[in-house]
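Worksheet: one structure, shown below.
Keep in mind that what you see is a predicted model, and the values were worked out from it rather than measured. Sequence lines set the chain letters: A, B, ... in the order given, protein chains first and strands last, and positions in each chain run from 1.
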2 protein chains.
Amino acid sequence: MAAQSQYAELAHQLSAVGAVKRSLARILPAECPGGSAAVLTLLEAHGEMRMSRLSELLAVDMSVTSRHVAHAAQRGWIERSADPADKRSRILRLTPAGQDLLDELARRTTDVFARTLDDWTDDDVGQLNRLLARLLSSFGDSRDRRPDLSYPRTPMRQETPVRHRT
Amino acid sequence: MAAQSQYAELAHQLSAVGAVKRSLARILPAECPGGSAAVLTLLEAHGEMRMSRLSELLAVDMSVTSRHVAHAAQRGWIERSADPADKRSRILRLTPAGQDLLDELARRTTDVFARTLDDWTDDDVGQLNRLLARLLSSFGDSRDRRPDLSYPRTPMRQETPVRHRT
DNA sequence: TATTGTTATACTCTATAACTATA
DNA sequence: TATAGTTATAGAGTATAACAATA
């Protein structure tokens, strides 16, 4: 177990990762928000799957997944076909156009990282990947047997807003 | 320089960090969204400062900072006083109530991490912190001398949405 | 004229809840 | 009755642009 100050720093670093994600988001082509890119990436990595599975991999609610998928499907990047085994389900599959988009995205991502992390060794990136994967797994696992991570929404003072002179 | 597949994995891990951030956000007390918590944390770590400096540290636009600060100020967690040296500026300072809130936040954060990362050593967390700090610095530095990270918003095919049977 | 900060507007991502269709 | 997926609604975060006050 680690020291309290390390936890505080980790919390801060994680919140600061947002800036990096926004940098990466700038390479996204028109009409392709981050949600669509994430959907395409997972379909490429894991092959065709159902909504519910994709939702798990994205680690977001299925309603969110549904909207990302609808967006990508409307633009022809994925197709949704009926599941013969269960008519409630839909099978999601990457289209050639979606694959083209992914290829372009991969080129741009590599471009940005190669430029930005030009002084990182292969091993540096590997270590960060390994630690991040472990972090996600630590949180993901705890989320499954969801214990008592959340707190009551009625804490400390200042429950009623403080009035100030305007 | 690292391999292309490592970059792809890093991109994916970073996008997945969102789930961890949402887990951490669940410990936030009522009335205190993540933006406020970030403002308070930075004021504690760096002491009183102006909006523009805070905006830099948050790595977001000043208009965003302004809204987070207004929220925190309305609840009495920070105070804004005039800068005698420049009447356009405002000096931001943590109040005792804000410090109380921060102390409670630190307790809860430590709690969650201690529970979730119970099999992480001090050194594990330290390494992740070090690599994340370096990542942010690599991106932050490149953002300053902002070269040509962004791409034209008119790429590849599918510029006009594909029509499907509804 | 340039800079500090605020506000209006718009976009993305997310969750909850209500709903449809099928199991 | 329970489950897969969709849609409506609301909340949080962000950026751009227009604006006010001061330098």
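OP1 or OP2 of C:dT14 lies within a sub-4.0 Å distance of a side-chain N or O belonging to A:H68.
Taking five base pairs at each end of the helix from C:dG5-D:dC19 to C:dA23-D:dT1, the local helix axes there meet at an angle of 10°, rounded to 10°.
Every residue meeting the side chain to side chain donor-acceptor pair (under 3.5 Å) condition with B:D124, not counting sequence neighbours, appears here in chain and number order: A:R134, B:T121. Under the side chain to side chain donor-acceptor pair (under 3.5 Å) criterion, A:Q127 pairs with no residue, sequence neighbours left out. Remark: B:S63 engages B:D61 in a side chain to side chain donor-acceptor pair (under 3.5 Å) (not counting sequence neighbours).
Rounded to whole Å, atom P of C:dC13 lies 12 Å from atom CZ of B:R22. The nearest whole Å value for the distance from the NZ atom in A:K21 to the C1' atom in D:dA15 is 17 Å. Nucleotide C:dT16 holds its C1' atom 14 Å from the CZ atom of B:R26, rounded to whole Å. The CG-C1' distance, from B:D83 to D:dA21, rounds to 14 Å in whole Å. Spacing between atom CG of A:L58 and atom P of C:dT14 amounts to 8 Å, rounded to whole angstrom units. Spacing between atom CG of A:L54 and atom P of D:dT6 amounts to 11 Å, rounded to whole angstrom units.
In terms of heavy-atom proximity, B:L94 sits nearest to B:Q99 at CD2-OE1, 3.3 Å.
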Discussion item. Can you build the contact string for nucleotides 1-10 of chain C? Use B for base contact, S for sugar-phosphate-only contact, and - for no protein heavy atom under 4.0 Å.
Written reply: -BBSBSB---
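Using a 4.0 Å cutoff on non-hydrogen atoms, the parts of residues 34-42 of chain B near DNA chain D are B:G34, B:G35, ordered by number.
The residues B:R107 and B:D103 are annotated as not salt-bridged, no charged nitrogen and carboxylate oxygen being separated by less than 4.0 angstrom.
Connection of B:L54 to B:I91 is not established within any shared hydrophobic cluster, with ILVMFWY side chains joined at heavy-atom distances below 4.5 Å, either directly or through further cluster members.
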